[in-house]
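By convention in this document, chain letters (A, B, ...) are assigned in the order of the sequence lines, proteins followed by strands, and residues within each chain are numbered from 1.
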Amino acid sequence: MDPGPIEPLRSSLLDWWEDHGRHDIPWKLRPDGSRPGPGEPLDPFGVWVAEVMLQQTQLAVVLPYWHRLMAAFPDVGALAAASEHDVLMLWQGLGYYARARRLHGGAQRLVAAGGDPWPRTLEGWMALPGIGRSTAASILSSAFDLPHPILDGNVQRVVARLVAHPGPPKRDMAHFWRLSETVLDPHRPRAFNQALMDLGAGVCTPRQPCCGACPWRGRCAAYAAGDPGRLPVKDTSPPVPFQVIGVGVVRDKDGRVLIDQRLQEGLLGGLWEFPGGKQEPGEAIEATIQRELREELAIEVAVGEELITLEHAYSHKRLRFVVHLCRWRSGEPQPLASQQVRWVAPEELSSYPFPAANARIISALLLRLRASQRPAE
DNA sequence: GAGTCGTGGCA
DNA sequence: TTGCCAAGACT
């Protein structure tokens with residue numbers, strides 16, 4: 001458990017980081033692209049946006065989303081003044097959409113408070129929606145170079161191997177926080193925390209860590225034990241259920257299609273979708289679609305040909321979407337299980353935020369419509 | 001405290 | 001191909 005003398009651990013990691021770390025992360029640089037000096041503050045807004053996007057999401061995925069959001073909303077005032085629709089438009093495809101709503105709500109709260117809005121304490125940041133201890137510490141060390149230890153997945157993995165922790169980190173988080181605090185270099189917290197994450201992301205990787213490139217190899221208990229890839233120990237995850245979803249792309253006489261906005265809470269909250277629902281045992285998929293549209297929208301439809309079938313895996317369930325074109329027959333659509341419903345022209349679909357699976361349905365629909373406009377030559 | 005909450009990359 | 005997994009927070 002004792003990580004041993006700390007100072008050589010710190011200096012060896014920082015030396016490694018100078019040559020092998022990531023030094024091109026935009027929110028960790030000055031506006032002119034140069035590296036900040038020790039203690040020099042960075043734009044907390046850009047850091048905040050980045051750290052929220054980085055929750056359970058890798059850096060390479062976040063980068064384009066961060067650039068687009070910062071271009072649209074350069075400061076907290078612009079974000080606070082934006083509509084939730086516009087925020088979700090920039091977040092679509094990134095996942096975990098509650099993060100976007102909480103970021104937006106946090107911006108409005110900070111602006112409403114007035115003055116210099118940026119907290120300088122862990123408690124101040126954690127009071128904002130969507131900010132836990134890990135994200136708060138990341139923001140404070142990144143933006144203000146304050147000596148707060150961090151404990152994201154990278155740090156948990158690096159530390160678990162360093163001390164060869166025998167159990168799942170989740171069960172000993174207090175212990176891991178103390179270890180992160182112990183190793184943290186209090187004189188260069190921003191650089192040290194970034195170095196620790198870069199080590200986890202690039203060298204001390206989940207599978208097949210590159211121990212030959214690791215500055216801590218000589219101090220790593222898991223390396224000494226011979227099988228660092230085995231750590232950290234993880235709890236067995238429950239099997240994910242599989243469900244078939246019948247989806248209707250309903251068109252009216254004018255060629256408009258019917259979409260609904262999902263409820264604010266729960267899966268894909270606040271995003272738009274084509275309506276549908278779970279297939280019941282023994283039920284034909286056409287019957288599923290008819291039933292779901294009747295129950296959730298109070299409309300009657302004629303189910304036509306299949307548009308596309310696609311499978312999509314979420315964190316805790318796998319779904320197969322069977323999508324059929326439908327013709328609207330009767331009934332004014334009612335938002336019985338959604339926030340609102342709307343008839344839109346196909347070319348208008350691009351101005352609504354959709355989850356990834358629905359984006360694929362839209363692509364298939366637009367392809368089909370173009371093909372039908374241009375009969376086979 | 002165990003479940004819920006996305007997506008794309010990779011072996 | 002299938003499964004695993006990532007810079008976590010909230011209930």
task = Could you give me the CA-CA distance, side-chain angles and deciding distance for A:Trp17 and A:Asp198, then say whether side-chain hydrogen bond (donor to acceptor under 3.5 Å, both in side chains) is met?
result = CA-CA 8 Å; A:Trp17 185 65; A:Asp198 287 356; 2.8 Å; yes
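Taking 4.5 Å as the limit, every side-chain heavy atom of A:Trp27 sits out of range of all side-chain heavy atoms of A:Val49. Using a 4.5 Å heavy-atom cutoff, the side chains of A:His187 and A:Arg10 are not in contact.
Distances were taken from every side-chain heavy atom of A:Arg102 (C-beta onward) to each of B:dT7, C:dC10, C:dG3; the shortest belongs to C:dC10. Taking every side-chain heavy atom of A:Ser134 into account, C:dA9 is the closest of B:dG6, C:dA9, C:dA6. The side chain of A:Ala356 approaches B:dG8 more closely than any other nucleotide in the set B:dG8, C:dG8, C:dG3. Which of B:dG6, B:dC10, C:dA9 sits closest to the side chain of A:Tyr96 comes down to B:dG6. Each of B:dC5, B:dG9, C:dA9 was ranked by its minimum atom distance to the side chain of A:His316; first place goes to B:dC5.
The aromatic rings of A:Phe354 and A:Phe274 lie parallel to each other, their planes meeting at an angle below 30°, with 60° marking the opposite boundary.
One interatomic measurement links the two molecules: CE of A:Met173 to C1' of B:dG1, which rounds to 14 Å at whole-angstrom precision. Rounded to whole Å, the distance from CD on A:Gln55 to C1' on B:dG6 is 13 Å. Going from atom CE of A:Met53 over to atom C1' of C:dG8 covers 16 Å, rounded to whole Å. The CG-C1' distance, from A:Asn358 to B:dG6, rounds to 13 Å in whole Å. Rounded to whole Å, atom P of C:dA6 lies 9 Å from atom CD of A:Gln156. In this structure, CG of A:Leu199 is placed 15 Å from P of C:dA6, rounded to the nearest angstrom. The OH-C1' distance, from A:Tyr314 to B:dC5, rounds to 11 Å in whole Å. The distance from atom CG of A:Leu103 to atom P of C:dC10 is 12 Å, rounded to the nearest whole Å.
Nucleic acid contact for A:Gly93: sugar-phosphate only, since backbone atoms but no base atoms lie under 4.0 Å from a heavy atom of the residue. Looking at heavy-atom distances under 4.0 Å, A:Leu268 makes contact with sugar-phosphate atoms alone, never a base. Using a 4.0 Å heavy-atom distance criterion, A:Gln194 is classed as a base contact. Residue A:Ala313 is classed as a base contact, given a heavy-atom separation below 4.0 Å to a base. Within 4.0 Å of A:Ile25, counting heavy atoms only, lies at least one base atom of the nucleic acid.
Position along DNA chain B of the nearest nucleotide to A:Leu267 versus A:Tyr65 favours A:Leu267 as the more 5'-ward residue. Between A:Asp198 and A:Arg207, the residue whose closest nucleotide on DNA chain C is further toward the 5' end is A:Arg207. Closest-nucleotide positions on DNA chain C for A:Leu54 and A:Pro129 were compared, and the one nearer the 5' end corresponds to A:Leu54.
For B:dG8, the base has no donor-acceptor partner in the side chain of A:Thr57 [N/O atoms by modelled type, under 3.5 angstrom].
Regarding contacts with the backbone of C:dT2, every side-chain N or O of A:Arg318 stays at 4.0 angstrom or more from both OP1 and OP2. A:Thr135 has a side-chain polar atom (N or O) that falls below the 4.0 Å cut-off from OP1 or OP2 of C:dA9. Applying the 4.0 Å criterion to OP1 and OP2 of C:dA6, one finds that A:Gln58 has every side-chain N and O outside that range. Between A:His312 and B:dT7 there is a side-chain N or O to OP1 or OP2 distance below 4.0 Å. OP1 or OP2 of C:dC5 has at least one side-chain nitrogen or oxygen of A:Lys234 nearer than 4.0 Å.
Between the side chains of A:Thr135 and A:Glu51, not a single donor N or O lies within less than 3.5 Å of an accepting N or O. A donor-acceptor contact closer than 3.5 angstrom links the side chains of A:Thr57 and A:Arg99.
Taking the centre and axis of the six-membered ring of A:Phe144, the NZ or CZ atom of A:Arg120 falls inside the cone set by 45° and 6.0 Å.
Taking the P atoms as reference points, B:dG6 lies 14 Å from C:dT11, given to the whole Å.
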